[in-house]
Q: 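First the structure, which I've put down as structure tokens, then a few questions once you've had a look.
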Amino acid sequence: MKHFLLFTTLTFILFSCTNKDFKINTDARLQNNLNGAVKSLTFETFNVDSLKDGEIIIGQRTRSKNLSPTITDYSTGNYRLTFTRNGDLEELIVSGTRGQQNNKYIAYYDKENRLIANERIDYSENDTTYGERIYKGNVIEAITKDKENNLIYKMTLLHDKLNRLEYTETIDANKNIIAKAKYKYKGDLQISKFYDKSEKLIRELVRDSNGNMIKEISARKLYYEYDNENFLVSIREKNKLSKNIRYDYLNDEKGNVISIKKWKDKMLMKSCQFEYEYDKNNNWIKRIMYEDENPIVICLRKIEYY
């Protein structure tokens, strides 16, 4: 089961971003809002220990903070990303709060800049899995094996005449179908539906032509809204416990979130503010998160350029 969770997480990042066959680098670069020819990005997250004469004292490393449905492990946490000159993700290292390496993902590309293989190392479990992608016209086979070269899972991806992802099917080592996904296109919208092994619909996503999420339906329902600059401004959430949850976002001119407010039944439940420091390429290198005007978390980014 653990292998399947890891496999499906990476596969979802690799194949579900947009209509095209985008790789994991697209997701990583967009979520980090990176500018320029970035060679590597080191991301560290710390608690605020105290204030001394108005200066913030950095405390211990901390884990990712789930601030809202859009703040993910690429936005907080402790990791290092390495990119090729083409902007493709070459290596991802995820670290723990003590600075130890927990996981490593390595990607390999061919001369046509297509992802052809990957390697994932789980240091905590002393486990390694290997991935291979085979291109057969409009069909791609994504195969995952263990360190003894035994098949774990195989995903088949079918594309239509416009090279848009149309259907995926995942089988285990016994050739049992364990997951399916179907993709349809209506105008500028991409509709993705994901099914479990019993063919029960477990998740539905709707994206616009810019790759922006418009609607997400699973155990909860999320509805997204954007402004004229294509910046996210609000998310409405509906679940079994509450029908009126809303997240409001305010962005700066660089597209970085400077405020998130969580509302429930028109009552403000939580408010977070963000303060940034930038380098000469307009990439932020320091972000302070505030709650009720109190600094609580600091994220530091070290960026290396080609």
Side-chain angles (χ1 to χ4, degrees), residues 9-45 64 70-95 101 103-121 130-135 140 142 157 159 162-165 190 192 205 207-213 226 229-232 251-257 276-287 299-306:
T9 299
L10 282 175
T11 303
F12 179 76
I13 295 173
L14 286 168
F15 298 113
S16 66
C17 290
T18 64
N19 296 350
K20 297 181 180 179
D21 186 19
F22 277 75
K23 295 178 282 293
I24 192 172
N25 67 290
T26 306
D27 200 54
R29 288 183 64 88
L30 287 177
Q31 291 197 39
N32 278 291
N33 198 14
L34 293 173
N35 303 305
V38 175
K39 183 176 182 180
S40 68
L41 166 67
T42 302
F43 199 116
E44 297 177 289
T45 304
S64 301
T70 61
I71 303 298
T72 70
D73 286 343
Y74 281 138
S75 301
T76 62
N78 302 279
Y79 60 89
R80 176 180 169 83
L81 297 168
T82 303
F83 298 96
T84 67
R85 286 187 176 274
N86 293 321
D88 297 316
L89 182 66
E90 192 170 46
E91 185 176 87
L92 164 63
I93 299 175
V94 180
S95 302
Q101 290 187 10
N103 301 283
K104 178 188 286 188
Y105 173 86
I106 307 170
Y108 304 93
Y109 303 89
D110 63 12
K111 294 181 179 180
E112 298 179 36
N113 202 37
R114 300 181 305 180
L115 179 66
I116 57 173
N118 63 76
E119 180 179 351
R120 190 189 187 284
I121 304 171
Y130 301 91
E132 179 185 8
R133 292 178 69 184
I134 302 173
Y135 297 83
I140 300 175
L157 303 102
H159 295 74
L162 299 177
N163 199 32
R164 301 177 302 187
L165 189 58
Q190 179 200 51
S192 312
L205 307 177
R207 296 180 183 271
D208 64 16
S209 59
N210 295 312
N212 294 322
M213 189 76 72
Y226 302 85
E229 297 295 325
N230 211 32
F231 295 152
L232 179 67
N251 304 274
D252 63 14
E253 67 279 2
K254 297 180 178 66
N256 293 308
V257 176
Y276 297 88
E277 291 183 13
Y278 294 89
D279 66 9
K280 62 182 181 181
N281 290 294
N282 282 327
N283 287 317
W284 69 264
I285 53 176
K286 182 178 181 179
R287 182 181 68 192
C299 294
L300 302 178
R301 302 202 309 183
K302 297 179 182 178
I303 303 175
E304 182 183 7
Y305 298 90
Y306 281 105

Q: Just how far is it from atom CD of Glu277 to atom CG of Leu300, taken to the nearest 0.5 Å?
A: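 Going from CD on Glu277 over to CG on Leu300, the span is 9.0 Å.
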
Q: Asn283: what forms a side-chain hydrogen bond (donor to acceptor under 3.5 Å, both in side chains) with it, not counting sequence neighbours?
A: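 Only Asn35, Tyr305 meet the side-chain hydrogen bond (donor to acceptor under 3.5 Å, both in side chains) criterion with Asn283.
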
Q: Not counting sequence neighbours, which residues clear side-chain hydrogen bond (donor to acceptor under 3.5 Å, both in side chains) with Glu90? List them please.
A: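 If we apply the side-chain hydrogen bond (donor to acceptor under 3.5 Å, both in side chains) test to Glu90, skipping adjacent residues, there are no hits.
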
Q: Using only atom types and a distance under 3.5 Å, with no angle test, would you say the side chain of Tyr276 pairs donor to acceptor with the backbone of Val257?
A: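 Side chain of Tyr276 to backbone of Val257, a donor-acceptor pair under 3.5 Å: yes, one is there.
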
Q: Give, for atom OH of Tyr109 and atom CZ of Arg133, the distance between the pair rounded to the nearest 0.5 Å.
A: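 Between atom OH of Tyr109 and atom CZ of Arg133 there are 9.0 Å.
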
Q: Name the orientation class of the two ring planes belonging to Tyr79 and Phe43 (parallel below 30°, tilted from 30 to 60°, perpendicular beyond 60°).
A: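 Taking Phe43 first and then Tyr79, their aromatic rings lie parallel (interplane angle under 30°).
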
Q: Using salt bridge (Lys or Arg N to Asp or Glu O under 4.0 Å) as the criterion, list what pairs up with Glu112, not counting sequence neighbours.
A: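 Per chain and number, Glu112 pairs via salt bridge (Lys or Arg N to Asp or Glu O under 4.0 Å) with Arg114.
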
Q: Can you measure from CG (Asp279) to CZ (Arg301) and round to the nearest 0.5 angstrom?
A: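 Those atoms lie 8.5 Å apart.
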
Q: Quick check: do Leu89 and Phe83 have side-chain heavy atoms less than 4.5 Å from each other?
A: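 Yes, their side chains come closer than 4.5 Å.
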
Q: Just wondering, do Tyr278 and Lys254 contact through their side chains at under 4.5 Å, heavy atoms?
A: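 Yes, close enough: below the 4.5 Å cut-off.
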
Q: From Leu81 CG over to Ile303 CD1, what is the distance, rounded to the nearest 0.5 angstrom?
A: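 Answer for the CG-CD1 pair, Leu81 versus Ile303, is 10.5 Å.
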
Q: Test your reading of the model: is there a side-chain donor-acceptor pair from Arg120 to the backbone of Asn103, 3.5 Å cut-off?
A: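 No; judged by distance alone, with no hydrogens or angles, the pair does not exist.
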
Q: Could you work out, with side-chain hydrogen bond (donor to acceptor under 3.5 Å, both in side chains) as the rule, every residue matching Asn282, not counting sequence neighbours?
A: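 Once residues adjacent in sequence are excluded, Asn282 has no partner under the side-chain hydrogen bond (donor to acceptor under 3.5 Å, both in side chains) criterion.
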
Q: Are the side chains of Glu44 and Lys302 in contact, using a 4.5 Å heavy-atom criterion?
A: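 In short, these two side chains touch, coming nearer than 4.5 Å.
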
Q: So, for Tyr306 and Val38, which heavy atoms are closest and what is the spacing to 0.1 Å?
A: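 Answer, listing the atom of Tyr306 first, then Val38: CE1-O, 3.8 Å.
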
Q: Drop me the distance from Lys111's NZ to Ile116's CD1, to the nearest 0.5 angstrom.
A: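 CD1 of Ile116 is found 11.0 Å from NZ of Lys111.
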
Q: Answer whether the closest heavy-atom distance between the side chains of Tyr105 and Val94 falls below 4.5 Å.
A: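 Not touching, per the 4.5 Å side-chain cut-off.
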
Q: Using side-chain hydrogen bond (donor to acceptor under 3.5 Å, both in side chains) as the criterion, list what pairs up with Tyr130, not counting sequence neighbours.
A: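 Tyr130 satisfies side-chain hydrogen bond (donor to acceptor under 3.5 Å, both in side chains) with no other residue.
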
Q: Could you pull out all residues at least two apart from Lys39 that satisfy salt bridge (Lys or Arg N to Asp or Glu O under 4.0 Å)?
A: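 If we apply the salt bridge (Lys or Arg N to Asp or Glu O under 4.0 Å) test to Lys39, skipping adjacent residues, the hits are Glu304.
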
Q: For the side chain of Asn86 and the backbone of Asp88, is there at least one donor-acceptor N/O pair under 3.5 Å apart?
A: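 Checking the backbone N and O of Asp88 against the side chain of Asn86, no donor-acceptor pair under 3.5 Å is found.
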
Q: Does the side chain of Leu232 reach to within under 4.5 Å of the side chain of Met213, using non-hydrogen atoms?
A: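 Leu232 does not reach Met213 side chain to side chain.
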
Q: About how many Å separate CD of Glu119 and CD1 of Ile106, when rounded to the nearest 0.5 Å?
A: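 Here the rounded value is 4.5 Å.
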
